[in-house]
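Hydrogens, waters and symmetry mates are skipped; everything else that's a heavy atom, side chains included, is used. We're numbering straight along the sequence, starting at 1.
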Amino acid sequence: MSTDGERKGPDAAEGHGGRGAERLRCLVTGASGYIGGRLVPELLEAGHRVRCLARSPDKLRDHPWAGDVEPVRGDVTDPESVAAAMRGIDVAYYLVHALGSGSGFEDTDRRAARVFAEQAQAAGVRRIVYLGGLTPRGVPEDSLSPHLRSRAEVGRILLDAPVPATVLRAAVVIGSGSASFEMLRYLTERLPVMVTPSWVHTRTQPIGVRDVLRYLVGSATMPDDVNRAFDIGGPDVLTYREMMSRYAVVAGLRKRLVVPVPILTPRLSSHWVGLVTPVPASLARPLTESLRHEVVCHEHDIARYVPDLPGRPLPFDEALALALRRVREAQVATRWSSAALPGAPSDPLPTDPDWAGGSLYQDERRLSVDASPQALWKVVEGIGGDNGWYSFPLAWAVRGWLDRFAGGVGLRRGRRDAERLRVGDSLDFWRVEEIEPGRLLRLRAEMRLPGLAWLEMYVETAGEGRTRYRQRALFHPRGLLGHVYWWSVSPFHAVVFGGMARNITRAAAKATSGRGTSSLADHK
């Protein structure tokens, strides 16, 4: 299983540490995230056994490699669960961070790194591998962005621990679905004339995601006496302005006009990025803050242990072209939004047996439809993204903008795949919490709300060759504001939720009768 069009054989990770083709037992944290979700199949293809530590193992079940790994439940800040996950492990990959979880994320990162290092030593782990950020040389650490400062501190904690560690330091990662790629893509495609911050003149050294994965896999077999950090980057050193210009060429766009404006601070520019791209301001800010200083590689010592292949690392233009091809072919394995949104609700569904109780508001719709269950399910699973939400587009758009304004993700995250969903996928400002193919799609809201919200869509058999569509919106209010919110929006439910149910069933009926499928565009 390869990434962005590359096919690798098991020998990709062989012979770089004296252990040859030894089959290692690897623990991967962050397997539901962008890099972790792509690293797992690469480790499997290299012949290693993989265990995945996740707070919600169910989020991994629909990945193509799910049946080939051992999922375990746990959290990197919990010593007991980490200890259990480390048993029998040779190499432990640390691919998590608490960015966006609040003002105390540096403390959380520090505590988690120490727990990970201590439990790795106790379990007899042979190596820790960590992917961190490339930091500028000669810049005092207290002048770095909190994001880069925390990444650097985590690297030091792991290197100072008794277990040998490999710390890989990368700047901008270019690959289909990466946050850096999506930010570059949308800024360039949507703005032929750009008023930009001064950081567009800062030099950086981007690297293709396939090279990041190659170095991660190769790091597993490094000699036991290697305990150090490595700078990793592609062959091109570019300013962000140059990256946008080259993206326009690779994507076949007209030349972009870039006008830098020094007064745009990282905070202001993060909101600017949040307005133009699917990347919310909360994530855009650490990305833009990281561009304040020049970040280029000062060594390429990684090649001693993971030798470069012909044409590798990939040039910037080639990495862009491969990422674009994956996007256009709808073959994006993971996205920046694959990981759970920090601070997103994780309480049990109110209908779960162990739910604690309390107020629960529901809006339920049932409609019979002259359509096959397959046709109805296809419409249900295809909801969101470019297809929209099948009712009152303006209302959905306004709700998305309000969410962005409040610091949420809004509607722009879209879908990872235009036709198929899997548990854990982000879907605009929802996340797929449960999917039973052909029967149930349950979405959990990740928009800013004074409570917890779910949207369920069922496909049921109604008898006499008919199919029933059942739709439930559930809201568990938090405090008085939650109750006020529900009653203030309930007058619009007949239009929004009622229209959604009617238009979904109408689209399924059209598809069954052979008149083609329909989407949001048919119901404006």
Enquirer: Applying side chain to side chain contact (heavy atoms under 4.5 Å, CB included), run through Val76 and Gln119 and close with a yes or a no.
Expert: CA-CA 10 Å; Val76 289; Gln119 297 307 321; over 6 Å; no
Enquirer: Please identify which of these residues, Leu43, Val91, Ile89, meets the side chain to side chain contact (heavy atoms under 4.5 Å, CB included) condition with Leu24.
Expert: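 Passing option: Val91.
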Enquirer: Is Arg326 reaching over with its side chain to a backbone N or O of Ser176, donor-acceptor style, under 3.5 angstrom?
Expert: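 No, the answer is negative, given that no donor and acceptor are paired below the 3.5 Å cut-off.
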Enquirer: Taking 4.0 angstrom as the limit, do Arg214 and Asp308 come out as a salt bridge?
Expert: yes
Enquirer: Would you call the rings of Tyr130 and Tyr94 parallel, tilted or perpendicular, where under 30° means parallel and over 60° means perpendicular?
Expert: tilted
Enquirer: Could you tell me whether a side-chain N or O of Glu182 sits under 3.5 Å from a main-chain N or O of Ala179, the two making a donor and an acceptor?
Expert: no
Enquirer: Donor-acceptor check, side chain of Gln205 to backbone of Cys297, threshold 3.5 angstrom: yes or no?
Expert: yes
Enquirer: Please check this pair: side chain of Asn227 against backbone of Ala165, looking for a donor-acceptor N/O pair closer than 3.5 Å.
Expert: yes
Enquirer: For Arg55, does its backbone N or O pair with a side-chain atom of Arg73 as donor and acceptor, under 3.5 Å?
Expert: yes
Enquirer: Between Arg312 and Asp211 (salt bridge meaning N to carboxylate O under 4.0 Å), is one present in this structure?
Expert: yes
Enquirer: Using a 3.5 Å distance criterion without hydrogens, assess whether the side chain of Arg25 forms a donor-acceptor pair with backbone atoms of Gly88.
Expert: yes
Enquirer: Are Arg228 and Phe230 in a cation-pi setup, meaning NZ or CZ lies under 6.0 angstrom from the ring centre and within 45 degrees of the ring axis?
Expert: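 Yes, Arg228 and Phe230 form such a contact.
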Enquirer: If you apply the rule salt bridge (Lys or Arg N to Asp or Glu O under 4.0 Å), what do you find for Glu434 with Arg61, and how did you get there?
Expert: CA-CA 11 Å; Glu434 182 59 77; Arg61 75 178 196 206; 2.3 Å; yes
Enquirer: Which distance, rounded to the nearest 0.5 Å, do you find between the OH of Tyr305 and the OG1 of Thr166?
Expert: 9.0 Å
Enquirer: Can you tell which of Arg126, Arg23, Arg127 makes a salt bridge (Lys or Arg N to Asp or Glu O under 4.0 Å) with Asp90?
Expert: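 Checked Arg126, Arg23, Arg127 against Asp90; only one passes salt bridge (Lys or Arg N to Asp or Glu O under 4.0 Å): Arg126.
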Enquirer: Does this structure show an ion pair linking Arg256 with Glu189, if we count only N-O contacts that are shorter than 4.0 Å?
Expert: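 No.
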Enquirer: Check whether Asp62 reaches the backbone of Val423 with its side chain - one donor and one acceptor, N or O, closer than 3.5 Å.
Expert: yes
Enquirer: Please answer whether the main-chain N or O of Phe181 pairs with a side-chain N or O of Ser178 as donor and acceptor at a distance below 3.5 Å.
Expert: yes
Enquirer: Does any donor atom in the side chain of Thr77 or Asp75 lie under 3.5 Å from an acceptor atom in the other side chain?
Expert: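 Distance-only check passes for Thr77 and Asp75.
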Enquirer: Can any side-chain N or O of Thr188 pair as donor or acceptor with the backbone N or O of Arg185 at less than 3.5 Å?
Expert: no
Enquirer: Under a 4.0 Å N-O cut-off, is there an ion pair linking Glu381 with Arg415?
Expert: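 So Glu381 does not pair with Arg415 through a salt bridge.
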